[in-house]
Every structure is written in C-alpha cells, then in structure tokens.
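Computed from a prediction, not measured in an experiment: that's the story for all the values here.
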Amino acid sequence: MNRQEKINRGFFTAILYSFKDLDKSISEQIEIRGRESQLLPLLYFTCLILLLSQLIQVTSQVQQAPYLSVITAVIVTYLFFLPIFMYITSFILHLVLKLFGAISPSFQTRLAMFWSLSLSALIFLFVSVVKIFTNGPIELVIITFSELIVVYIFSRVLGFVCNFRDRNLFTFVMISFYLTPVILINFS
C-alpha cells in the first residue's frame with residue numbers, strides 16, 4: 001500500500017486496523033507523518049476522547065450546584081493543559097528512553113506516544129461507559145484489564161520506535177512497573 005492509499009484510508013480506519021498489528025501501524029504512522037503539525041491531530045483526538053470519558057464520569061457523579069463550574073474546569077484542563085502536559089511528558093520520556101539505549105529521534109518518540117495514546121483513548125472511553133453500569137470487583141477487574149491493554153499498547157509502540165533489541169523484555173518491564181503497585185494496593 002503506497003503512502004497516498006494509507007492517507008486516504010482514513011484516521012479511524014487506521015486506528016481500527018492498528019489493533020491487529022501494532023508494529024505495522026506505527027510504521028505506517030512514521031511513514032505518513034513527517035512534520036510536527038501532523039502530530040497535533042493525534043494529540044487533540046486523544047484529548048477530546050479523554051474529555052468525553054471524563055465528562056461521562058463527572059456527569060454520573062456530580063449532580064449538585066457546582067455542576068457547571070466542574071464541567072468548565074474539566075473542559076479547560078483537557079483542552080488546554082493536557083496537550084502541554086503531554087508534550088512535556090514526551091520530551092522527558094524521550095530523555096529517559098535515551099538513557100536505556102533508545103536510538104529514535106525525539107519526533108518519533110512523540111509520534112509513538114501520541115499514536116499509542118490515540119489507540120488507548122478509545123479503551124478509556126469504553127471503560128468510562130462500562131463503569132456507569134458496574135461496581136465492586138467487576139469494575140476493578142475491567143479497569144485493571146483495560147489498563148493492562150493500554151500499557152501493552154504503549155510499550156509495544158514505544159519499543160518498536162526505540163529499536164530496542166528485546167521489545168518483549170521492554171513490554172514485560174513496563175507491565176511489571178504497572179502491576180507492582182496495583183497488586184500491592186489492592187491485595188495488601
């Protein structure tokens with residue numbers, strides 16, 4: 001598939017196809033996106049989906065007088081401060097990954113982070129809807145499982161871009177960093 005066909009395939013179709021092969025999807029994104037301005041749609045898509053998932057939670061929990069102020073604070077946070085935070089986090093992540101042998105440029109690290117977050121945002125939206133209808137241990141299992149999927153996506157995409165020799169080890173370490181506090185907090 002040439003570059004123009006990949007662009008014409010569409011953003012949402014690319015997201016759906018990416019769950020079949022994460023390595024191929026990030027490889028296509030590296031080929032398609034070459035400028036910083038092409039990263040902004042990924043970032044704002046993620047922020048909008050995360051905003052929707054947060055609004056679902058806020059509207060199901062807050063039903064009193066400061067409702068409008070809470071909604072306004074959530075919107076401002078997710079549309080203005082979250083993109084800045086993600087850019088800062090991507091630069092710090094790039095520096096940390098360089099310490100562990102990553103050979104990718106800063107742009108590709110940002111692309112990998114924003115692409116993996118775009119893929120994961122749909123999972124966050126699904127979980128926020130499911131949380132309305134569940135509670136207790138079922139909710140904990142759903143949240144933990146979805147977060148494991150997000151960590152897996154994040155580590156696989158970053159491991160591919162960083163050209164780590166053993167990406168499976170990188171994925172295992174990232175999942176272990178996630179699971180250790182979860183197990184200590186929930187089962188202590």
Side-chain angles (χ1 to χ4, degrees), residues 10-19 22 25-26 29 32-33 35-94 96 106-107 109-158 174-175 177-179 181-186:
F11 179 70
F12 295 107
T13 309
I15 287 177
L16 292 178
Y17 279 118
S18 66
F19 288 106
L22 293 171
S25 74
I26 188 61
Q29 291 300 313
I32 291 172
R33 300 179 194 279
R35 295 186 313 264
E36 195 69 40
S37 63
Q38 293 172 324
L39 294 183
L40 289 175
L42 290 177
L43 181 62
Y44 277 106
F45 170 77
T46 302
C47 291
L48 283 174
I49 297 297
L50 292 175
L51 173 65
L52 284 175
S53 67
Q54 188 64 31
L55 286 176
I56 289 170
Q57 289 179 352
V58 167
T59 54
S60 67
Q61 294 172 355
V62 177
Q63 311 230 340
Q64 298 169 6
Y67 180 73
L68 186 59
S69 62
V70 170
I71 296 295
T72 304
V74 168
I75 291 172
V76 168
T77 301
Y78 277 81
L79 293 183
F80 296 108
F81 296 118
L82 187 60
I84 294 168
F85 175 75
M86 285 185 184
Y87 261 100
I88 292 170
T89 304
S90 69
F91 284 115
I92 293 170
L93 180 65
H94 175 69
V96 169
S106 178
F107 176 80
T109 304
R110 280 193 306 283
L111 174 61
M113 180 178 158
F114 296 162
W115 180 245
S116 64
L117 289 173
S118 293
L119 299 176
S120 301
L122 297 176
I123 296 169
F124 290 134
L125 183 62
F126 174 74
V127 168
S128 66
V129 171
V130 169
K131 283 172 56 176
I132 294 172
F133 303 109
T134 61
N135 59 12
I138 295 172
E139 181 180 5
L140 179 65
V141 168
I142 291 171
I143 291 171
T144 304
F145 184 69
S146 66
E147 288 175 352
L148 277 172
I149 293 171
V150 168
V151 171
Y152 176 78
I153 292 170
F154 187 73
S155 63
R156 291 302 296 184
V157 169
L158 273 175
M174 293 295 289
I175 289 174
F177 275 131
Y178 166 74
L179 277 179
V182 169
I183 291 171
L184 290 175
I185 290 171
N186 292 316

Subject >> I84 side chain reached by I88 side chain, heavy atoms, under 4.5 Å >> reply: yes
Subject >> Value rounded to 0.5 Å, distance of CG in L40 from CZ in R33 >> reply: 10.0 Å
Original post:
Rounded to the nearest 0.5 Å, how far apart are CZ of F45 and CG of L119?
Top reply: 8.5 Å
Subject >> Rounded distance [0.5 Å steps], CG in L50 versus OG1 in T77 >> reply: 12.5 Å
Original post:
What distance separates F154 CZ from L93 CG, expressed to the nearest 0.5 Å?
Top reply: 5.0 Å
Original post:
Going by heavy atoms in the side chains, are L148 and L179 under 4.5 Å from each other?
Top reply: yes
**OP:** Work out which heavy atom in V157 is nearest to a heavy atom in S116; give both atom names and the distance.
**Re:** CB-CB, 4.2 Å
**OP:** Applying side chain to side chain contact (heavy atoms under 4.5 Å, CB included), run through Y87 and L43 and close with a yes or a no.
**Re:** CA-CA 9 Å; Y87 261 100; L43 181 62; 3.4 Å; yes
Original post:
To the nearest 0.5 Å, what is the distance between CG (L158) and CG (L22)?
Top reply: 11.5 Å
Original post:
Short question: side chain of S118, backbone of L42 - any donor-acceptor pair under 3.5 Å?
Top reply: yes
Subject >> Exercise: identify the closest heavy-atom pair between I153 and S120 >> reply: CG2-OG, 4.1 Å
Original post:
Hey, is CZ on F81 packed in by over 12 heavy atoms from elsewhere, all under 6.0 Å?
Top reply: no
Subject >> Side chains of I49 and Y78 in contact at under 4.5 Å (non-hydrogen atoms) >> reply: no
Subject >> Distance, nearest 0.5 Å, that separates OH of Y17 from OG of S25 >> reply: 13.5 Å
Original post:
Between the main-chain N or O of L125 and the side-chain N or O of S128, is there a donor-acceptor pair closer than 3.5 Å?
Top reply: yes
**OP:** Over all heavy atoms of both residues, which pair between T109 and S90 is shortest? Give the atoms and the distance, please.
**Re:** CG2-O, 4.3 Å
Subject >> Close side-chain approach of T144 to Y178, heavy-atom, < 4.5 Å >> reply: yes
**OP:** Keeping to residues at least two apart or across chains, list the salt bridge (Lys or Arg N to Asp or Glu O under 4.0 Å) pairs with something in residues 36-51.
**Re:** E36-R110
Original post:
Can you tell me if CD1 on I132 sees more than 12 non-hydrogen neighbours from other groups inside 6.0 Å?
Top reply: yes
